[in-house]
Amino acid sequence: MSDLFQVISTISLDHGEQPPLSERTAHRTSSPRGDPDRILSTIKGPEDVLTNLKSQPTEEDAKIQLQWLLSNKNADFDIHFPNAQSISILRAIIDLTVPDLWRSSRKTQGLLIQCLSSFPGISALVSKLGRVTDSAANRSTLSIANGSVPGDHHLALLQRILSQRSLLSIIWHGLRRHGSDSQRKLIWKDLTNLICSGKIVSTVARFKDTSGSCVESWIVSGQRYAPLLASWALRLSGDFESDDDASWDTAAVVLSKSFGLGYPDVLAKSLCLECLETGPKCVEILGQVVKRLRPLDQKRFLGHLLPVLQNALPSSNQESLCIGHFSAFISKLSMDNDVFRKGVVSWIQTLQSASTISQIGRRAVIAAISNSLEDLTTVLDCSLQAFGETLFIKHAPAVEQEACAEVILLSAGHLKQRDPNALIALARSSIHMSGVSNRLDASSQRARVLGMCVGMAISRLTDKSTSKMDFGVEDVKTTYARQLMDLVEVRDSVGSLENVKSAMRIKDGSGRLVNESTPSEQALKKSSPKPGAKVTPAPTAIQSSGPRIIEVLSDDEDDDLVPYAKPDSDPEDDDEDPTLVNRDKAKAPVYIRDLMNGLREDENYDRHKLSLEHAAPLIRRKAQFGQEVKDHAIELSMILIGLQDTFELEDFIQLRLQALIALLISDPSELGPFYARQVFEGDYSISQRGTLLSAIGLSARELAGYQDADALNPSVIDKASFPSKRLPDRYHAIYDPSPTQPLLPSSPLNTISASLTDTIIAPLAAQAADTATGPSALKVRTFSSRLTNPPSARTKIIPNALAAVLADSFFTPLAGGFHTHTRTGANNVFASPFFLGTYLTTLAVLLHASGPATRSLPQLTADFWALLLAARRSAREDSAVLKALLFGLLTILEVNQDDTRRVAMEHGRELVETREWVGDVYGRMAGGDEEGDRLRGLAAGVLVKCGEVMEKWERLLVGEMMDY
């Protein structure tokens with residue numbers, strides 16, 4: 001054994017030194033108490049602090065060490081500036097002091113926060129969490145002490161540090177006291193890379209997933225972390241002098257890199273809200289920071305700012321007030337910034353971006369640039385060129401063409417006020433005249449109407465009364481056409497941001513204003529007396545005027561009078577415990593206002609349940625009388641859309657869906673576009689968006705005349721159909737493995753599409769069977785004749801109210817919203833297979849329900865066909881999208897079967913391309929299961945429909961496809 005040991009070195013111990021292997025006491029040795037100032041004076045330097053922190057001091061001793069680190073006496077050493085000594089001390093604090101003393105007094109926590117509020121401190125904390133995560137990933141069990149896993153204290157400390165709104169300002173002022181300019185730039189670059197790149201968010205999220213920490217952390221959510229970056233950038237800029245270019249550049253770096261986090265819309269909205277809440281001075285500060293961004297970063301910032309600005313601004317019933325706030329915000333940012341101002345001009349004349357905001361937003365942007373004659377002329381000239389291009393007329397979505405027409409008319413109205421001669425020159429130019437002519441030659445009715453409206457409106461500004469352009473057709477006399485032409489008379493001006501904060505109204509998730517009280521609450525406030533006031537008793541019923549009922553007490557009552565029988569006892573009175581008797585029973589709502597209050601109820605189960613069950617019948621009953629439903633339609637729809645299943649009610653999804661359907665049917669012209677906007681603009685889950693799409697599709701079918709509660713228009717499931725109480729959906733899927741139809745928000749649409757598919761394909765299958773079994777002359781009865789009604793059967797004529805409102809109220813808002821929000825790429829939820837499949841199915845159901853009598857059917861066919869062909873890439877990856885796409889193509893061919901010549905003339909290319917693609921898809925499909933057979937059936941139906949049109953109009957297609 002002696003051969004296994006070898007002497008390396010020998011250490012001799014002094015007489016007073018304790019042997020290394022001596023037993024260590026369980027308690028910490030505390031230094032003698034004394035004056036803290038005297039103890040502070042005994043610390044010679046950072047080496048002493050490091051030694052004391054490593055010796056596991058008591059809380060009082062640790063506080064003294066931390067106070068010395070934060071004192072101004074050590075000018076040659078700063079714990080906030082990275083160097084070898086500060087890094088060693090910070091590591092000792094994080095590894096030893098934080099686990100031992102974080103749960104001590106608030107003063108100690110404050111000292112720890114101050115010491116670590118720096119770039120090296122934050123970086124060390126993030127590294128510590130990363131090491132704990134790696135250690136937890138390498139072992140199967142975690143040692144839990146004091147009810148927390150390792151790293152919980154560090155996560156809590158990091159959250160406290162990052163929650164300081166002036167964090168970057170503290171760090172920057174600390175850096176300016178030490179080091180050179182080059183050192184500060186390098187440290188600031190590393191700091192921005194750390195806090196703006198998403199490293200902190202990903203590290204904390206990985207720590208929570210791996211370690212199983214129970215600490216609630218907002219850092220893991222990028223949507224909650226991005227507003228903090230906006231607050232840091234603005235607070236940092238608020239402390240700078242106007243001539244301090246170096247400091248302004250640091251804030252610009254933070255703002256530029258913050259957009260790389262992945263939440264640009266959230267960041268832009270947070271900047272807007274921060275500026276609006278703080279005041280006009282904050283907007284000027286933001287303008288100074290934006291001015292120092294690179295031109296490309298300014299353009300990117302502008303692209304995210306304008307779409308969210310109109311939602312961040314306070315809602316108001318006065319359009320002029322909202323436009324004034326919007327234009328004032330843009331004007332202050334454009335002040336002394338030519339790059340940003342040119343970016344605004346380029347943004348509004350680029351139709352792909354201008355269509356992402358509403359008409360109010362476009363009016364505000366035009367008003368913001370109206371002070372510059374050059375900018376107005378540039379916008380009008382470029383918009384006229386795009387408006388009259390043949391390719392733009394034929395292929396651009398309707399939402400972009402309408403936005404272009406509005407920009408032209410708004411800029412023309414402002415240019416008329418600034419320089420009438422310049423407007424006359426543009427109105428008589430070849431660009432404008434040829435553009436109107438190309439519009440009149442277009443095959444699309446909507447394109448022709450827009451061309452006529454623009455031509456007539458500009459002629460109204462430039463020509464005399466005797467020579468004004470007037471087409472005299474009914475299409476230019478509609479409400480939409482008159483409102484569009486009236487835009488040339490609009491004279492919006494730049495407003496002010498002085499009173500914008502007082503006008504801000506913040507809504508909660510149910511759509512109710514936070515600072516708004518219900519009428520009953522308002523009445524209570526009015527009726528409540530002031531303190532010390534003399535209260536006059538309210539008059540009783542006996543004091544009221546009018547005839548009174550007086551009870552006459554007489555002993556000689558008639559014996560023939562038979563008294564009333566005693567009423568039956570209340571079943572609840574049979575309870576032995578009288579405290580359990582509920583006398584305050586919930587009643588069904590009678591008024592829409594009571595319904596809204598009941599739906600908002602989150603504590604009274606009975607009231608909330610009754611309100612939800614009676615929502616649809618009450619809305620349908622009230623919609624026929626008075627204005628009660630119409631006055632509260634928007635607010636009630638917001639409540640229903642954002643309603644949460646707080647009490648886990650049975651049939652919650654179906655009851656809410658029926659209420660949304662009843663509300664939409666009450667006023668489809670007003671609520672149809674509103675529902676469509678909420679599908680894309682609202683902050684809702686994918687399940688709520690699916691419910692909205694289902695409500696739109698089912699409401700459209702009911703408007704078209706399909707009012708029976710059948711498989712195509714399912715109603716609320718009858719509770720009596722279940723033999724016993726059913727578990728909630730999420731538990732039923734676990735404990736009932738039998739295959740059942742999931743009660744998803746889109747299941748009614750799936751049922752409709754399946755039934756319509758069978759209805760469309762059945763005649764095609766019967767015709768194919770006739771062809772395969774021989775000549776029809778040799779048969780007693782063909783297969784196709786069995787599907788026709790007998791001659792004696794009477795066909796009931798169903799009024800179709802959907803055909804008149806489909807384009808304006810349902811289809812165009814849905815198609816335009818999808819095009820706008822998928823082009824910006826801000827939210828990937830619209831590209832998910834569930835949403836895309838539900839969306840395409842909804843549009844197909846709308847088109848089929850409206851039928852061949854649809855107004856503007858050629859334009860709707862062109863828009864829907866282009867949308868379906870653009871979704872082919874997504875259909876390759878998911879069968880749900882492929883099924884919806886094939887169903888949409890089949891619906892287009894079915895609805896247009898009465899005018900196949902127009903389909904061959906106007907959509908010959910789409911027809912040939914569809915047949916080629918569907919034929920390829922059909923060849924790659926493998927049947928054998930129910931889903932595969934249904935997809936093959938859909939593809940076969942599309943191929944047969946395309947083949948019928950191409951065979952009938954073969955010569956016409958040959959001439960059309962010569963250059964295909």
To the nearest 0.5 Å, how far apart are [atom1] in [X] and [atom2] in [Y]?
| X | Y | atom1 | atom2 | result |
| --- | --- | --- | --- | --- |
| Ile661 | Gln654 | CD1 | CD | 10.5 Å |
| Leu487 | Glu406 | CG | CD | 6.0 Å |
| Ile641 | Arg656 | CD1 | CZ | 9.0 Å |
| Ser856 | Asp808 | OG | CG | 7.0 Å |
| Asp594 | Leu618 | CG | CG | 9.0 Å |
| Gln897 | Lys945 | CD | NZ | 4.5 Å |

NZ/NE/NH1/NH2 to OD/OE distance under 4.0 Å, [X] and [Y]:
| X | Y | result |
| --- | --- | --- |
| Arg677 | Glu670 | no |
| Arg593 | Asp631 | no |
| Arg689 | Glu681 | no |

Next on the checklist: If we ignore hydrogens and angles and just use 3.5 Å, is the side chain of Ser850 paired with the main-chain N or O of Leu846 as donor and acceptor?
Outcome noted: no
Next on the checklist: Looking at Arg448 and Ala442, would you say the former's side chain and the latter's main chain have a donor-acceptor pair under 3.5 Å?
Outcome noted: yes
Minimum-distance pair of heavy atoms, taken over all atoms of [X] and [Y]:
| X | Y | value |
| --- | --- | --- |
| Ala354 | Arg362 | O-NH1, 2.9 Å |
| Asp863 | Ala398 | OD2-CB, 4.4 Å |
| Cys946 | Leu911 | SG-CD1, 3.9 Å |
| Ser699 | Ala695 | OG-O, 2.6 Å |
| Pro668 | Pro673 | O-CD, 3.9 Å |
| Ile360 | Cys322 | CG2-SG, 4.3 Å |

Item to check | Qualifying residue for ring pair (Phe, Tyr, Trp, His ring centres under 6.0 Å) with Phe818, from Phe864, Phe830, Phe811, Tyr839 | outcome: Tyr839
Checklist outcome for this item: side chain to side chain donor-acceptor pair (under 3.5 Å) filter on Glu628, not counting sequence neighbours, yields Lys622
Checklist entry - Hey, are the side chains of Val881 and Phe835 touching, using non-hydrogen atoms and a 4.5 Å cut-off? => result no
Next on the checklist: When you compare the side chain of Pro858 with that of Arg902, does any pair of heavy atoms fall below 4.5 Å?
Outcome noted: yes
Next on the checklist: Let's go through Asn896 and Thr861 carefully: what are the C-alpha distance in whole Å and the side-chain angles of both, what is the deciding distance for side chain to side chain donor-acceptor pair (under 3.5 Å) to 0.1 Å, and is it a yes or a no?
Outcome noted: CA-CA 8 Å; Asn896 290 275; Thr861 301; 3.3 Å; yes
Next on the checklist: Quick check on side chain to side chain contact (heavy atoms under 4.5 Å, CB included): which of Leu840, Val942, Leu938 does Leu889 satisfy it with?
Outcome noted: Val942
Checklist entry - Going by atom types only, do Glu603 and His608 share a side-chain donor-acceptor pair under 3.5 Å? => result no
